[in-house]
Enquirer: 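Supplied in structure tokens, the structure appears directly below.
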Amino acid sequence: MSATIEPKSEKELAQLVGEAAARRQALEIRGGGTRPLGNPVAAACIVETAGLSGIRLYEPGALTLVAAAGTPLEEVDRALAVENQMLPFEAPDWSQLLGGSKAGKSTLGGVVATGAAGPRQLLAGGVRDSLIGVRFVSGEGVAISNGGRVMKNVTGYDLVKLMAGSHGTLGVLTEVSFKLVPKPESTATLVATGLDPAASVASMAKALASPFEVSGAARLPDGEDGPSRTLLRIEGLEASVDYRAARLRDLIAPELPAGAELVLETGVDEQAVHWKAVAAVAPFHDRKGTLWRLALKASEAPALLSAIATSCRCESVLDCGGRLVWLLVEDGEAGSEERIRRLVSAAGGHAMLMRADGQTRATVEAFHPQHQRVEEISVQLRQRFDPAGILNPERMRRNAGARAA
Amino acid sequence: MAFIDMPKPDPAILARREAIIESLIEAVGADAVIHDPAETLAYECDALAAYRCPPLAVCLPRSTAEVSRILKACHRLNVPVVPRGAGTSLAGGAMPTSDSVVIGVARLNRVLETDYANRFIRVEAGMTNLSVSDAVAGQGFFYAPDPSSQLACLIAGNIAMNSGGAHCLKYGVTTNNLLGVTMVMMDGEIIEFGGPEGIPAGLDLVGVICGSEGQFGIVTEAVLKILPKPEGARPILLGFNSNEVAGACVADIIKAGVLPVAMEFMDKPAIIACENFAKAGYPTDVEALLIIEVEGSQTEIEAQLERIREIAGRHDPQVMRESQSAVQSDLIWKGRKAAFGAMGQMADYMCMDGTIPTSSLPHVLKRMQEMSKEYGLGVANVFHAGDGNLHPLILFDANKPGDQEKCEAFGADILRLCVEVGGCLTGEHGVGIEKRELMNDQFNADDLEIQMRVKDVFDPAWLLNPAKVFPIAVSHPRRNRNTGKAA
């Protein structure tokens with residue numbers, strides 16, 4: 001049974017981490033617990049960050065937000081919406097997808113630590129591309145600052161990028177700063193139904209090579225509610241959206257296969273349904289099976305999916321034009337995980353295990369194995385930030401021998 | 001030399017000079033090694049020309065394999081190395097010491113792979129920034145980060161400094177457009193980090209390598225994002241009778257949801273200097289000038305400009321000038337683009353590079369004018385209004401004894417002010433040697449220690465560009481691990 005601590009300040013957090021390091025006591029770091037990603041962590045003590053909450057600075061005219069890391073995402077979204085602004089990367093709700101805490105609230109720090117971005121990362125980049133500053137407590141209990149509250153900052157090393165997606169293994173985030181974007185005045189979504197992955201990726205690639213600036217490019221699979229939907233989203237000022245949607249439609253329509261339909265969706269609510277389904281990976285809710293997130297060149301995705309499908313039943317949701325693939329494997333045999341990783345590697349990509357049963361999670365590494373030197377560098381960075389190895393130990397890579405208890 | 005101390009060269013290395021040169025020649029051949037003092041002189045500085053020191057030798061490898069052989073040799077011989085792109089650094093990033101070997105990557109300048117379906121280009125890092133855009137222009141693409149030195153600067157240097165450019169408000173800086181690198185480690189191992197898939201498989205090592213100022217390894221190849229060229233672009237010029245009003249106008253444009261591709265601000269001294277030099281027809285009786293550029297199709301450009309006109313109108317501009325043609329667009333930009341040349345014609349000048357929160361611009365400009373009187377040196381400002389990056393241009397007379405020192409002191413005070421108002425020391429140029437000692441103003445000891453630990457991982461021997469970024473006293477123990485020599 002784990003003890004839970006909820007520090008109320010960075011100072012308190014630093015003290016407790018310092019003490020834990022001295023005792024070599026492992027800590028599991030948790031925001032809202034809504035994204036249980038990575039290898040399971042064995043720790044007698046859970047540190048929850050909800051006590052470090054609150055927006056510290058918000059300057060809409062400078063597109064700048066600074067907030068404590070434990071601030072709930074929904075609080076941030078609400079505050080930004082008042083000024084018609086938003087976080088650029090469209091943070092997704094994975095609570096139903098990953099079976100994480102239903103009661104928990106996703107925190108800004110959790111979004112950063114897991115690099116949780118949605119379809120708009122196609123245009124705006126991931127969480128790390130909007131993140132401009134961090135404060136964190138290292139594994140030694142030392143408070144560290146890097147970056148700041150300004151967009152253009154090349155002062156010293158960029159630890160901001162390193163902290164994003166580090167899953168709590170380099171430090172406990174206490175404050176994060178973002179550059180924001182305006183909420184688009186208008187959006188439109190082209191919906192092409194009935195395209196197989198190859199045709200879908202080809203259509204999306206065409207759209208993405210055009211000057212009409214697409215902010216989302218995804219494919220939802222065939223399902224109970226209808227044939228596959230290939231989605232292309234455009235946003236901006238109204239006149240601009242009208243123009244670009246029409247041009248994009250003219251570009252895509254001629255090369256659609258027979259039987260495919262193309263519709264332009266302009267209703268705000270209708271579009272939200274599509275894009276929330278993509279962000280939350282709705283087709284895979286309440287489904288059994290092992291869930292992967294693959295990253296590879298989009299052009300490689302269709303062939304890879306075919307290759308994987310030769311030996312197991314699987315389904316996919318494509319995002320970022322096919323560069324990001326959510327893969328649900330429903331009847332994977334023993335060893336299928338290795339096979340999938342081998343095929344993905346051969347296609348030049350990598351595969352992250354996102355959700356699996358207990359036995360699979362206990363034996364298969366969550367993060368894709370990398371080149372030996374890269375692994376060494378990663379291990380050594382973790383050692384330098386957290387010498388006692390107490391922060392989310394083994395979350396990103398299992399140890400050869402355990403260090404902390 | 002004025003303010004900036006460099007570590008004393010290691011006499012043990014200088015004593016072995018001939019043997020070192022021989023090893024380098026053995027590694028890559030005589031036609032890739034420069035050691036004649038008359039020729040190494042050309043590598044004694046970068047664009048921070050006030051600080052010069054010829055290196056022990058210069059290597060100009062032709063391939064990643066050759067870079068690896070050179071680094072292996074230098075590692076074995078415990079000789080520090082200074083990576084060099086085109087030497088356009090304004091921060092002294094490529095400045096050598098006399099016991100170091102400069103490794104210039106300009107000969108690695110081939111395109112390796114262009115992939116329009118997946119929208120990336122793989123290049124050798126010695127390609128110039130502009131040549132990358134040129135390589136994909138035929139297919140209607142471009143590479144977005146565009147520092148004003150893009151004709152000359154190399155991708156390698158862009159990666160080392162995380163360079164920006166006029167387009168970065170909309171498209172981000174180098175780190176937002178860099179998908180992967182091939183980097184040669186100090187021990188010679190050649191590693192690929194990241195790739196066209198664009199998402200790290202584990203820790204974001206590409207993200208921390210970018211901006212590491214040549215201190216982690218030598219990047220020889222890069223995978224870069226390429227984007228479809230917009231259909232068109234058009235600027236609008238606005239003149240205001242106060243800096244406050246100009247700043248408020250910028251804020252309102254942003255709040256209205258318009259995201260221009262560039263927003264350039266010039267203060268009165270800059271306007272006058274540029275107009276005298278370039279004669280672009282700038283109004284010289286306004287306090288502040290804004291040049292705002294929008295992109296897209298004709299329809300979109302019109303829609304955005306209409307918004308901007310409406311917002312600007314609410315701030316009572318003295319001047320509002322739109323372009324009706326490509327010629328007029330060029331004219332609007334002409335003065336701004338000539339800013340550095342204009343200052344250079346008037347006097348010697350130092351170009352500073354800090355970032356401030358945009359809301360503090362009027363305060364910072366006011367303080368700067370006060371300091372200008374105190375120091376007795378003129379200063380003009382160009383400012384990337386969208387992202388807060390400020391370029392104060394301080395005029396001085398290099399022939400007047402003490403003027404350069406005064407100028408550097410004024411510059412340092414300006415950068416301290418940037419930090420004071422919540423900004424940072426450098427937005428584009430990097431720390432190099434220029435802002436090294438000021439790092440203590442931006443960071444505390446713990447912040448610096450953890451950054452140095454990252455270098456410890458990539459370059460445990462601290463042989464890669466060791467005298468840069470960190471204050472000399474702060475990096476001293478690590479720089480002298482292996483030698484036991486004095487600072």
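Only heavy atoms go into these numbers, but all of them, side chains included; no hydrogens, no water, no symmetry mates.
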Enquirer: Hey, is B/Glu428 close enough to A/Lys152 for a salt bridge, meaning N to O under 4.0 Å?
Expert: yes

Enquirer: To the nearest 0.5 Å, how far apart are CD1 in B/Ile450 and CG in A/Asn146?
Expert: 9.5 Å

Enquirer: Please look at A/Leu122 and chain B and tell me whether the side chain, the backbone, both or neither of the residue comes under 4.5 angstrom of a heavy atom of that chain.
Expert: side chain

Enquirer: Aromatic contact between B/Phe443 and A/Tyr157, with the criterion being ring centroids under 6.0 Å apart: yes or no?
Expert: no

Enquirer: Which atoms of A/Glu213 come close to chain B, meaning under 4.5 Å heavy atom to heavy atom: side chain ones, backbone ones, both, or neither?
Expert: side chain

Enquirer: Select, from A/Gln121, A/His167, A/Met151, the one with the greatest count of heavy-atom pairs under 4.5 Å involving chain B.
Expert: A/Met151

Enquirer: Is the shortest side-chain N to carboxylate O distance from B/Glu300 to A/Arg247 below 4.0 Å?
Expert: no

Enquirer: List the atom of B/Pro228, the atom of A/Leu208, and the distance in Å for their closest heavy-atom pair.
Expert: CG-O, 3.3 Å

Enquirer: In terms of side-chain geometry, is the basic nitrogen of B/Asp204 or A/Lys161 positioned less than 4.0 Å from the acidic oxygen of its partner?
Expert: no

Enquirer: To the nearest 0.5 Å, what is the distance between CZ (A/Arg373) and CG (B/Leu205)?
Expert: 12.0 Å

Enquirer: Identify the residue among B/Val431, B/Val173, B/Asn389, B/Asn162 that makes a side chain to side chain contact (heavy atoms under 4.5 Å, CB included) with A/Val154.
Expert: B/Asn162

Enquirer: Counting only non-hydrogen atoms closer than 4.5 Å, does A/Ser166 touch chain B with its backbone (N, CA, C, O), its side chain (CB onward), both, or neither?
Expert: both

Enquirer: Please round to the nearest 0.5 Å and tell me the distance separating atom CG of A/Leu296 and atom CD of B/Glu197.
Expert: 8.0 Å

Enquirer: Checking A/Leu381 against chain B: side chain, backbone, both or neither under 4.5 Å from a heavy atom?
Expert: both

Enquirer: Using non-hydrogen atoms only, which part of A/Thr64 is less than 4.5 Å away from chain B: side chain, backbone, both, or neither?
Expert: neither

Enquirer: Does any backbone or side-chain atom of A/Phe212 lie under 4.5 Å from a heavy atom of chain B? Answer side chain, backbone, both or neither.
Expert: side chain

Enquirer: Check B/Glu231 with A/Arg244, please: is the shortest side-chain N to carboxylate O separation under 4.0 Å?
Expert: no

Enquirer: Let me know if A/Leu170 has heavy atoms under 4.5 Å from chain B in its side chain, its backbone, both or neither.
Expert: side chain

Enquirer: May I ask you to test the A/Lys297-B/Phe120 pair for a side-chain heavy-atom distance under 4.5 Å?
Expert: yes

Enquirer: What is the distance from atom OH of A/Tyr243 to atom OG of B/Ser297, rounded to the nearest 0.5 Å?
Expert: 4.0 Å

Enquirer: Can you tell which part of A/Asp129 gets under 4.5 Å to a heavy atom of chain B, answering side chain, backbone, both or neither?
Expert: both

Enquirer: To the nearest 0.5 Å, tell me how far A/Asn84 CG sits from B/Lys255 NZ.
Expert: 12.0 Å

Enquirer: Quick one: CD on B/Glu302 to CG on A/Leu237, what's the gap to the nearest 0.5 Å?
Expert: 12.0 Å

Enquirer: Is a donor from one side chain sitting under 3.5 angstrom from an acceptor on the other, for B/Asn118 and A/Ser299?
Expert: yes

